[in-house]
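Note sheet for the following structure.
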Amino acid sequence: MGRGHWPLFTTCLSASRKKSAHGDMQPKEPSEIAILNSHKVHIVRDDPSENLRKFKRRKLLVETKKKLSAWTILVALLGIVLMVVHTELMWYSKCEWFPYLFLVKCSISISTVILIILIIAFHFKEIQIFMNDNSLQDWRIAVNAKNFGWILLEVVVCAIHPFPYELQCVEGQGNNSEEQTLEFLSEADIFLSILMFLRVYLLPRTVLLYSRVLGDTSYRTIGSLNKIKFQYKFVMKVLMNTCPGKVLLILSISLWIVSSWVLSVCERKNNVPTGNMTSALWLIPITFLTIGYGDMVPNTVCGKLVCLSTGVMGVGCTALIVAVAAQKLEFTRAEKHVHTFMMDIRYMKQIKCAAANVLGEAWLLHRHTKKGDKAKTRQHQRNLFRAIHEFRHRRISHKNLKDQMNTMVDISKMQMIMYDMDLNVSSSHRELEKRIDQLDKKLDDISRLIITTIESSQLSH
């Protein structure tokens with residue numbers, strides 16, 4: 001939640017002062033601003049020292065916010081790792097390991113509590129930054145229902161985890177009737193464990209806060225002048241433009257691994273081939289790439305939903321890969337100019353050769369026609385038609401190349417034409433203004449001469 005979503009309830013009223021006759025020559029005092037705060041008006045002097053203090057405090061708050069964001073994603077990933085370890089150990093463990101598994105589950109709950117505290121502290125720092133930027137004294141002015149709802153939604157999402165409610169070991173029948181193993185996770189625990197991957201939404205926030213886009217002052221200044229919001233979408237667009245291959249590779253491999261593990265957990269209790277991690281690692285990429293050999297299929301509702309979502313994400317990633325590949329294979333502007341220039345020279349040579357062939361065949365046809373050699377005449381007629389066809393074909397190819405070159409320079413040429421037209425219009429406008437001024441002066445002179453003539457005629461009479 002960026003600062004752009006906070007409503008501004010600050011009322012600014014410029015203070016009135018008496019101005020003397022020499023007020024412009026006297027040094028100005030710091031301006032006063034009236035701030036409406038809890039039905040009371042507080043006067044704040046906007047002096048340089050106060051602005052410097054606010055700037056330093058804001059810088060300190062932003063650094064604290066970045067550290068909180070880093071700790072938040074670390075604790076969230078720690079909880080996910082503990083959940084994965086607990087789930088895998090539950091499949092292979094016996095009742096003797098129950099206390100250790102219960103401690104792991106309690107550690108997941110403890111990390112979740114710490115994560116919620118860090119999220120609340122992060123949003124508290126956001127509120128403090130907003131209050132510092134807008135000179136607010138009451139935090140309730142900086143919080144509305146929408147912001148409170150987003151904070152509550154984040155807390156609910158991050159609070160989802162398998163709760164440690166088992167107080168004793170629940171045994172399940174293993175492959176051997178004499179071997180008693182722990183019962184695997186219940187449907188509710190599997191569902192809560194899978195939903196813990198929703199905590200990954202914290203990763204784009206950390207990437208945004210630690211990106212060079214947000215840390216570069218010149219970048220932010222130019223962006224604010226062009227009304228660009230520095231949010232997750234903008235950072236993702238920057239990454240996709242700078243290093244699209246790395247982003248798509250990391251995204252695809254991460255989706256494959258996470259989806260394969262989730263599919264194996266969903267299918268594990270039914271003792272089917274897709275419950276094995278290696279089989280799931282084969283099924284998920286095949287589904288992701290929309291190939292679908294049909295040798296393996298999911299059997300549970302959870303597994304079918306995972307494969308369906310994997311196919312949808314695979315279609316999107318495939319479209320992105322095609323777009324990136326097309327962009328990489330496209331010529332740059334300089335490469336286009338070099339290629340078209342060399343092709344232009346090549347086509348001109350071919351046109352000259354084709355024209356020379358037409359002239360040569362026409363001369364040979366004329367010579368053999370005079371000799372009366374009909375066989376040679378028919379042969380050179382066919383050669384002449386072939387040479388004319390080749391000449392026309394080369395001319396058409398050269399014309400198409402010229403059209404492509406024109407489309408390349410159309411934008412720059414249009415820009416230059418518009419710039420020249422603007423200069424001509426402005427210069428003609430200035431010339432017109434000068435001529436109008438000269439006409440005004442001449443009209444004034446003529447009117448004075450007429451008045452003088454009339455007055456002299458009246459005096460003579």
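All values derive from a computational prediction rather than experimental measurement.
Using a distance-only test at 3.5 Å, with no hydrogens or angles considered, a donor-acceptor pair links the side chain of S254 to the main chain of I250. No donor-acceptor pair under 3.5 Å is formed between the side chain of N134 and the backbone N or O of L136. Not a single donor-acceptor pair under 3.5 Å links the side chain of D189 to the backbone N or O of P162. Using modelled atom types, no side-chain atom of N147 and backbone atom of V143 make a donor-acceptor pair closer than 3.5 Å.
Rounded to the nearest 0.5 Å, atoms CG (L251) and CD1 (I321) are 9.0 Å apart. Atoms OG and CG, on S309 and L263 in that order, are 9.5 Å from each other to the nearest 0.5 Å. Remark: D295 CG to S279 OG distance equals 9.0 Å, nearest 0.5 Å. Taking CE of M131 as the start and CD1 of I141 as the end, the distance is 8.0 Å to the nearest 0.5 Å. For the atom pair SG (C317) and CG (L248), the distance works out to 6.5 Å, reported to the nearest 0.5 Å. To the nearest 0.5 Å, atoms CG (L115) and CD1 (I73) are separated by 8.5 Å.
In this structure, a donor-acceptor pair under 3.5 Å is present between the side chains of R199 and T112. In the model, T287 has no side-chain atom that pairs as donor or acceptor with a side-chain atom of T310 under 3.5 Å.
Scanning all heavy atoms of the two residues, the minimum distance from I286 to G292 falls at CG2-N, 3.1 Å. Taking both residues in full, the closest heavy atoms of M90 and L101 are given as SD-CD1, 3.6 Å, listed atom of the first, atom of the second, then distance. Listed here is the closest heavy atom pair of Y201 and L198: CD2-O, 3.0 Å. In plain terms, the two heavy atoms of K54 and S135 that are nearest each other are NZ-OG, 2.8 Å. When every heavy atom of V75 is checked against every heavy atom of S111, the shortest pair comes out as CG1-O, 3.3 Å. What you find for C158 and L202 is that their closest heavy atoms are SG-CD1, 4.4 Å.
Cation-pi geometry between K66 and Y210 is met: the NZ or CZ atom falls under 6.0 Å from the ring centre, inside 45° of the normal.
For F341 and H339, the distance between ring centers is not under 6.0 angstrom.
Within a 6.0 Å radius of CZ in R57, more than 12 heavy atoms belonging to other residues, nucleotides or ligands are found. More than 12 heavy atoms of other residues, nucleotides or ligands lie within 6.0 Å of CZ in F163, so this atom counts as buried by the packing criterion.
C266 places a side-chain heavy atom less than 4.5 Å from the side chain of I194. Side-chain contact between P204 and L208: absent, with no pair of heavy atoms (C-beta onward) separated by less than 4.5 Å. A 4.5 Å side-chain heavy-atom check between M240 and V324 finds at least one atom pair inside the cut-off. You'll find the side chain of D344 reaches within 4.5 Å of the side chain of H398, heavy atoms only. At a threshold of 4.5 Å between non-hydrogen side-chain atoms, the residues Y100 and V104 do not count as touching. L281 is not listed as a side-chain neighbour of W261, based on a closest heavy-atom distance of 4.5 Å or more. Looking at H86 and S193, their side chains never come closer than 4.5 Å, going by heavy atoms from C-beta outward. Side-chain atoms of H123 and E126, non-hydrogen and from C-beta on, do get closer than 4.5 Å to each other.
Between E88 and R268 there is a salt bridge, with a side-chain nitrogen of the basic residue lying less than 4.0 Å from a carboxylate oxygen of the acidic one. Between D440 and R435, none of the side-chain N atoms (NZ, or NE/NH1/NH2) sits under 4.0 Å from a carboxylate O, so this pair counts as no salt bridge. The existence of a salt bridge linking R205 and E154 is confirmed by a sub-4.0 Å separation between a basic side-chain nitrogen and an acidic carboxylate oxygen. Salt-bridge check for E433 with R430: failed, with every basic side-chain N at 4.0 Å or more from each acidic carboxylate O.
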- [ ] Report the C-alpha separation of S109 and V113 in whole Å, then their side-chain angles, then the decisive distance to 0.1 Å, and conclude whether the side chain to side chain contact (heavy atoms under 4.5 Å, CB included) test is met.
- [x] CA-CA 6 Å; S109 298; V113 173; 5.6 Å; no
Open item on the list: Applying side chain to side chain contact (heavy atoms under 4.5 Å, CB included) to S397 and L401, what does each step give before you reach the verdict?
Closed with: CA-CA 6 Å; S397 300; L401 182 65; over 6 Å; no
Task: Verdict with supporting geometry, R53 and F55, side chain to side chain contact (heavy atoms under 4.5 Å, CB included) - done: CA-CA 5 Å; R53 186 188 64 81; F55 177 76; over 6 Å; no
Open item on the list: Does K125 form a side chain to side chain contact (heavy atoms under 4.5 Å, CB included) with Q128? I'd like the steps, not just the answer.
Closed with: CA-CA 5 Å; K125 291 299 177 184; Q128 285 183 330; 3.3 Å; yes
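Ring orientation note: the planes of W256 and F288 are nearly perpendicular, at an angle over 60° on the 30°/60° scale.
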